[in-house]
Enquirer: 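Structure in structure tokens, see below.
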Amino acid sequence: MELFNSALGKNMTLVHPAYFIISGLVGIPDIKYYYVFLFVVYIVAVVGNTSVMAVIYLDHNLRSPKYIAVFNLAFTDLFESSALVPKVLDIFLFDHPFISYNNCLTFMFFCFTCLSMQPLNLVALSYDRLIAIIFPLHYHVKVTHKFMFSLIAFFWFVVITFTLIAVGLLTRLSYCKSLVITSYFCDHGQIYRLACNDNTPSTVIAMLVPFLILWLPLLFILLSYSYIGYVLSKIATVKERGKAFKTCTAHLSLVAIYFIPMLIAFTMSANIHPNARIINMSLTSVFPPMLNPVIYVLQTQEIKITVKKLLKIRKQ
């Protein structure tokens with residue numbers, strides 16, 4: 001307990017810097033074109049996710065529990081892109097690498113809250129598909145509007161709580177050496193490693209949160225689809241199995257888009273050049289919000305029908 005209290009900064013003077021310096025990509029010629037590319041990706045993400053939210057809101061047939069989760073996914077994508085990309089463009093495209101201490105922690109809070117909510121949204125959609133395929137007769141009893149609202153509210157509570165703890169622990173650290181963050185935003189891991197005093201609590205939370213927010217959701221999704229495949233192999237024909245999995249293609253695409261780059265980033269980050277790590281992580285952050293609405297519009301029959309109806313009404 002004494003070690004933990006010491007790490008939290010009790011009985012010692014904390015030294016908080018006036019600002020941090022975000023280094024970003026270093027030594028790459030014409031790197032500003034990359035940030036222009038991020039801006040284009042951001043515009044597509046904003047238009048796409050706003051459109052998906054509008055379609056779900058305008059069509060009463062899409063007010064099902066599943067589309068509550070889809071709406072929340074689009075909202076999270078929109079929130080994440082808007083929290084991350086404009087600030088990244090301001091820092092690097094307009095050459096403002098200095099960010100105040102409080103603004104840096106605020107920037108990190110919003111980015112990590114949205115990034116952490118992404119896999120939990122995929123868990124909600126995975127549970128929806130699991131019940132719809134395995135227990136179709138009980139679907140409307142097990143997956144209600146109240147249940148989905150409660151599940152999503154619980155997920156938001158979890159990610160906000162964990163992010164507040166992570167940010168709160170950073171305020172108990174002193175910084176007396178380098179203030180350069182080797183990343184494209186105020187990265188938690190980069191910040192706590194700059195501390196001069198004991199950063200053990202921040203190290204623990206940095207290992208715990210990815211396990212709870214990233215790896216456990218991935219494990220649940222993999223197990224749920226393994227169970228779906230096992231049950232269907234026992235009771236369904238090949239045609240029925242194909243029809244059932246067709247309803248999951250959009251969700252499986254979202255899972256692949258989010259988790260594959262994230263797995264690469266976590267497994268290879270220690271062995272690759274900092275520039276490669278920053279590019280990989282930045283694309284991992286901005287690509288899913290851009291691609292998610294495109295996938296749902298193209299691969300979800302209900303949304304395609306609604307879009308066609310709305311376009312037909314507008315044309316008339």
Side-chain angles (χ1 to χ4, degrees), residues 49 52-53 56 62 64-81 111-136 138-166 205 207-232 244-245 247-266 284-285 287-289 291-293 295-296 299-300 303:
N49 287 291
V52 169
M53 293 167 63
I56 294 174
L62 298 180
S64 64
K66 172 186 174 181
Y67 287 101
I68 293 173
V70 174
F71 185 95
N72 187 64
L73 178 66
F75 171 77
T76 305
D77 287 340
L78 181 63
F79 192 8
E80 176 198 330
S81 299
C111 290
F112 269 93
T113 297
C114 295
L115 287 170
S116 300
M117 191 63 195
Q118 290 278 11
L120 298 181
N121 277 325
L122 298 177
V123 167
L125 290 168
S126 178
Y127 179 80
D128 175 88
R129 291 298 84 205
L130 177 68
I131 301 302
I133 295 173
I134 304 301
F135 307 105
H138 298 88
Y139 176 78
H140 294 291
V141 176
K142 293 179 178 291
V143 185
T144 62
H145 289 78
K146 181 180 179 181
F147 171 81
M148 191 58 75
F149 275 121
S150 301
L151 183 64
I152 290 173
F154 172 73
F155 285 160
W156 276 108
F157 173 78
V158 168
V159 298
I160 290 173
T161 301
F162 277 128
T163 308
L164 282 175
I165 292 172
I205 201 73
M207 293 186 293
L208 179 64
V209 170
F211 174 75
L212 296 175
I213 300 298
L214 188 65
W215 307 124
L216 276 185
L218 177 58
L219 179 62
F220 175 84
I221 293 169
L222 292 177
L223 290 176
S224 65
Y225 276 106
S226 298
Y227 184 61
I228 289 172
Y230 171 76
V231 172
L232 290 179
F245 271 106
T247 65
C248 305
T249 53
H251 180 250
L252 287 172
S253 300
L254 302 185
V255 171
I257 288 170
Y258 180 82
F259 281 104
I260 290 176
M262 195 66 70
L263 289 170
I264 295 173
F266 271 88
T284 301
S285 301
F287 258 44
L291 294 176
N292 289 351
I295 289 171
Y296 254 99
Q299 295 191 8
T300 305
I303 291 183

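What you see is a predicted model; the values in this text were computed from it and never measured.
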Enquirer: Please list, chain by chain and in numerical order, all residues satisfying side chain to side chain donor-acceptor pair (under 3.5 Å) with Trp156, sequence neighbours excluded.
Expert: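 With neighbours one apart ignored, the set is Asn72.
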Enquirer: Among residues at least two apart in sequence or on other chains, which ones pass ring pair (Phe, Tyr, Trp, His ring centres under 6.0 Å) with Phe112?
Expert: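 Per chain and number, Phe112 pairs via ring pair (Phe, Tyr, Trp, His ring centres under 6.0 Å) with Phe185.
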Enquirer: Write down the atom of Pro119, the atom of Tyr258, and the distance for their closest heavy-atom approach.
Expert: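 Reported closest heavy-atom pair: CD-OH, 3.3 Å.
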Enquirer: Return the orientation label for the Phe79 and Phe75 ring planes: parallel under 30°, perpendicular over 60°, tilted otherwise.
Expert: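 Rings of Phe79 and Phe75: tilted, 30 to 60°.
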Enquirer: Take Gln118 and Asp77, measure what side-chain contact (heavy atoms from CB on, under 4.5 Å) needs, and give me the verdict at the end.
Expert: CA-CA 8 Å; Gln118 290 278 11; Asp77 287 340; 2.3 Å; yes
Enquirer: Distance check, rounded to the nearest 0.5 Å: Ile160 atom CD1 versus Thr113 atom OG1?
Expert: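 Nearest 0.5 Å value for the CD1-OG1 distance: 6.0 Å.
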Enquirer: Apply side-chain contact (heavy atoms from CB on, under 4.5 Å) to Leu78 and list each qualifying residue two or more places apart in sequence or on a separate chain.
Expert: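 So Leu78 forms a side-chain contact (heavy atoms from CB on, under 4.5 Å) with Val46, Asn49, Thr50, Met53, Ser82.
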Enquirer: Please test Val158 against Phe162 for side-chain contact (heavy atoms from CB on, under 4.5 Å), starting from the C-alpha separation and ending with a verdict.
Expert: CA-CA 6 Å; Val158 168; Phe162 277 128; 3.5 Å; yes
Enquirer: So, taking the atom named CG in Leu62 and the one named CZ in Phe71, what distance separates them when rounded to the nearest 0.5 Å?
Expert: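 Leu62 CG to Phe71 CZ: 11.5 Å, rounded to 0.5 Å.
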Enquirer: Distance from Leu232 atom CG to Ile134 atom CD1, nearest 0.5 Å?
Expert: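 Here the interatomic distance stands at 5.5 Å.
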Enquirer: Would you compute the distance between atom CG of Leu73 and atom CG of Leu122 and round it to the nearest 0.5 angstrom?
Expert: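 If we round to the nearest 0.5 Å, Leu73:CG and Leu122:CG are 6.5 Å apart.
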Enquirer: Between CG of Leu130 and CG of Leu125, what distance do you get to the nearest 0.5 Å?
Expert: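 With rounding to 0.5 Å, CG (Leu130) is 12.5 Å from CG (Leu125).
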Enquirer: Going by ring pair (Phe, Tyr, Trp, His ring centres under 6.0 Å), name the residues that satisfy it together with Tyr225, two or more places apart in sequence or in a different chain.
Expert: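 If we apply the ring pair (Phe, Tyr, Trp, His ring centres under 6.0 Å) test to Tyr225, skipping adjacent residues, the hits are His251.
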Enquirer: With sequence neighbours excluded, tell me which residues meet side chain to side chain donor-acceptor pair (under 3.5 Å) with Thr76.
Expert: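 Counting only residues at least two positions away or on another chain, Thr76 forms a side chain to side chain donor-acceptor pair (under 3.5 Å) with Asn121.
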Enquirer: Report, one line per pair, each donor and acceptor closer than 3.5 Å where one atom sits in a side chain of residues 142-150; sequence neighbours left out.
Expert:
| unit_1 | atom_1 | unit_2 | atom_2 | d |
| --- | --- | --- | --- | --- |
| Thr144 | OG1 | Phe147 | N | 3.1 |
| His145 | NE2 | Arg63 | O | 2.3 |
| Ser150 | OG | Lys146 | O | 2.8 |

Enquirer: Which residues satisfy the side-chain contact (heavy atoms from CB on, under 4.5 Å) test with Ser226, sequence neighbours excluded?
Expert: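 None.
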Enquirer: With heavy-atom distances below 4.5 Å as the criterion, would you say the side chains of Val52 and Asn292 are in contact?
Expert: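 Sidechains of Asn292 and Val52: no contact.
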Enquirer: Donor-acceptor pairs under 3.5 Å, side chain of residues 207-216 to any protein atom, not counting sequence neighbours: which ones?
Expert:
none

Enquirer: Are any non-hydrogen side-chain atoms of Val231 and Tyr227 less than 4.5 angstrom apart?
Expert: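 They are in contact (side-chain heavy atoms under 4.5 Å apart), so the answer is yes.
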Enquirer: With sequence neighbours excluded, what pairs up with Tyr127 under the side chain to side chain donor-acceptor pair (under 3.5 Å) test?
Expert: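 Partners of Tyr127 under the side chain to side chain donor-acceptor pair (under 3.5 Å) test: none.
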Enquirer: So which heavy atom on Ala69 is nearest to which on Ile152, and how close?
Expert: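 Heavy atoms only, the tightest pair is CA-CD1, 3.8 Å.
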Enquirer: Looking at Leu120 and Ser116, what are the two nearest heavy atoms and their distance?
Expert: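 Closest approach of Leu120 to Ser116, heavy atoms only: CG-O, 3.8 Å.
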Enquirer: Just to verify, what does Leu222 make a side-chain contact (heavy atoms from CB on, under 4.5 Å) with, not counting sequence neighbours?
Expert: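 Leu222: side-chain contact (heavy atoms from CB on, under 4.5 Å) contacts with Leu218.
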Enquirer: Nearest 0.5 Å, please: how far is CZ in Arg129 from CD1 in Ile221?
Expert: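 Answer for the CD1-CZ pair, Ile221 versus Arg129, is 13.5 Å.
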Enquirer: Could you list the residues that satisfy side chain to side chain donor-acceptor pair (under 3.5 Å) with Ser224, not counting sequence neighbours?
Expert: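 Result, side chain to side chain donor-acceptor pair (under 3.5 Å) vs Ser224: Ser126.
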